[in-house]
Amino acid sequence: MRIVIAEDAVMLRDGLRMLLTARGRDVVAAVGDGEALRAAVAEHEPDVAVVDVRMPPTHTDEGLQAAIRIRRDHPNVGVLVFSQYIETRYAAQLLADGAHGVGYLLKERVADVSDFLSALDRIAGGETVLDPEVVTQIMGASRRAETLVTLTSRERDVLALMAEGRSNTAIAGALFLSYGSVEKHVSQIFAKLGLPPSDNDHRRVLAVLRHLQA
Amino acid sequence: MLVTTGRALAYTLLLPLTAGIGLVHLVVVLLSVLTTVNLVGVPMLALSLVAARGLGTVNRRLARALLGARVTDPAPFRPGKGLFRWMGAALVDATGWRAVGHALIRIPAAVLALAAAAGLWGGGLILLVSPVWRLVPDGWPSAALLAPAGLALLLLAPRGLRLALAPERLLAGTLLGMSASETRIRRLEQARAFAVDDAVARLRQVERDLHDGTSARLVTLAMSLGLAREELDLAHHPGHLERARELVGGAHRDAKETVAELRDLIRGILPPALDQGLETALATLAARTPIPVRLHTDLPERPDPSIEVVAYFCATELLANVVRHSGARHAAVDVRGRDGRLTLTVRDDGTGGAVAGAGSGLRGLAARVGAVDGAIDVRSPAGGPTVITVALPFRI
């Protein structure tokens, strides 16, 4: 897998490169700001770009803006936005143009190396990966929002795992439920959120988005 | 010189007009005051006070442009909504009343300036040409004496006029500008704005230091440990144990560095040593400064904690400047408390030339000190030595 890293803290950038290389990934470029990131992505067309939200020169949301433009200009490049804090607003902006091959994770998730690598693999494969913290925040907000009060706590658990990009099988494993009852919960969630039936998995992401926009 | 003389002359020649309008206006004000008994005068007085403000502005600008008077603009007229509020505000408008006062008191000053101009230039010219035109009666001293006297008068005229205009300049400065209380309010407003901005800037700095420094380090540390754990899971395969040991070693080093960095960061936010007082904190600061610092403190009692913090950060900033810019080999810090004031003096034997200008850090310091009603004095001749004194109140 070919990866571009954009991270302004040199220590962390070198650490990431070291980790990814050690685990057999090909880090084709490692840069320190949004401008260089877009140039590197245009040049290398990597499978995934790992992007820090806050980079020079503004130190605000440079990385996020670059990530959004990359998703627009290079739809085949997966984007993992990698940040020290979670803003649901950021997640919503990132997912606004669709949820194909995109992720938003807290930086400390890198400490669980295998989980981090599998998240990268899933993003490269076109899936959506959201940090559990995003889900927690959405749930926190949704308790106040009227449409979402109707979800049972079990359904919220299922939705949280869906937001992390897990399949029904994985959700069943994580919550010690049968595959069938997960399916039932999922269709309940879709019904309660007013998502029409369709045969494509995109609905799962729409469910998450519905929460983000609430 | 020629330009300023021209301007002074122009100002003087305008005086009959400006002072004259002022006089007419004074009559209107007087009439309004006299007719307030039957209420007609009240709106008239309000109107004429607002007009006085306008005249004051004209006179202020003339004094500033032509006499070089230092006059700050007073606060603009901000009446409330509605006719009655507007009138009320106008009637108690100090700026308007002071402009009226100016129009009255300036009359002798204007007369003086006009008389001086007429006497000096007019008299000089007459004397100068008198031998030719035979203006003076026979029997007066000869032309040989008169003409040089006229010339001398003309040569003295610019200086004389400037002297005669001094009262005009003084009156414009005291009556047409900001009043003392307005100046004080303005200063307090600036100090407050600075204090708020400064607090936000400091918070942002702390946030950035934690985000870019400590947090990034801890993430890297967690990553190394995560990798090490995976290597340990494979420890029964050759090479993995060594790799794990290497990673743990690196993480151990990172952890120690992070702690040291965090300690510096904490000290930058607020040094724990300040809890024991300025003396202890300054002793630590002196010991940590790369050049020898002689510290002398003489505080009969402890100042307010916030004053201690300001004094401490002044010392930090000033010593940092000494190390960075002065090339000094020794520095001395002296803190004294007397008569409710705390004086902090930082001396060095460096090359001098410190200025409280933009970007020197001294300007920010001056603003910070000013925010607690303190003052800073910089003496730094080229070639040194530099002595900077910060005076602060004991109680805020």
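The sequence lines fix the lettering, A, B, ..., with proteins before strands; numbering per chain opens at 1. Hydrogens, waters and symmetry mates are skipped; everything else that's a heavy atom, side chains included, is used.
When heavy atoms are compared at a cutoff of 4.5 Å, R208(B) approaches chain A by way of both its backbone and its side chain. Within the 4.5 angstrom heavy-atom criterion, atoms from both the backbone and the side chain of R217(B) approach chain A. Proximity to chain A (any heavy atom under 4.5 Å) is shown, for L227(B), by both the backbone and the side chain.
Among the residues in residues 9-46 of chain A, those with a non-hydrogen atom closer than 4.5 angstrom to a non-hydrogen atom of chain B are A9(A), M11(A), L12(A), G15(A), L16(A), M18(A), L19(A), R23(A). By a heavy-atom distance cut of under 4.5 Å, D112(A), V113(A), S114(A) are the residues of residues 112-120 of chain A near chain B, going up by number.
The pair R54(A)-D61(A) does not count as a salt bridge, with every side-chain nitrogen at least 4.0 angstrom from each carboxylate oxygen. Between D373(B) and R187(B) there is a salt bridge, with a side-chain nitrogen of the basic residue lying less than 4.0 Å from a carboxylate oxygen of the acidic one. A salt bridge links R395(B) with D304(B): the distance from a Lys NZ or Arg NE/NH1/NH2 to an Asp or Glu carboxylate oxygen falls below 4.0 Å. Looking at R379(B) and D377(B), a side-chain N of the basic residue comes within less than 4.0 Å of a carboxylate O on the acidic one, giving a salt bridge.
A side-chain contact (heavy atoms from CB on, under 4.5 Å) with L319(B) holds for exactly one of V333(B), D348(B), I291(B); it is V333(B).
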CA sep, side-chain torsions, deciding dist, call: V369(B), C314(B), side-chain contact (heavy atoms from CB on, under 4.5 Å): CA-CA 8 Å; V369(B) 166; C314(B) 285; 3.5 Å; yes
Evaluation steps, side-chain contact (heavy atoms from CB on, under 4.5 Å), between L106(A) and Q84(A): CA-CA 5 Å; L106(A) 275 177; Q84(A) 284 183 22; 5.7 Å; no
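To the nearest 0.5 Å, atoms CZ (R368(B)) and CG (L392(B)) are separated by 12.0 Å.
Each of S224(B), S215(B), A216(B) has some count of heavy-atom pairs under 4.5 Å with chain A, and the biggest count is that of S215(B).
The shortest distance between side-chain heavy atoms of L177(A) and R154(A) falls below 4.5 Å.
In this structure, a donor-acceptor pair under 3.5 Å is absent between the side chains of E155(A) and H185(A).
Other residues, nucleotides and ligands place more than 12 heavy atoms under 6.0 Å from the CZ atom of R202(B).
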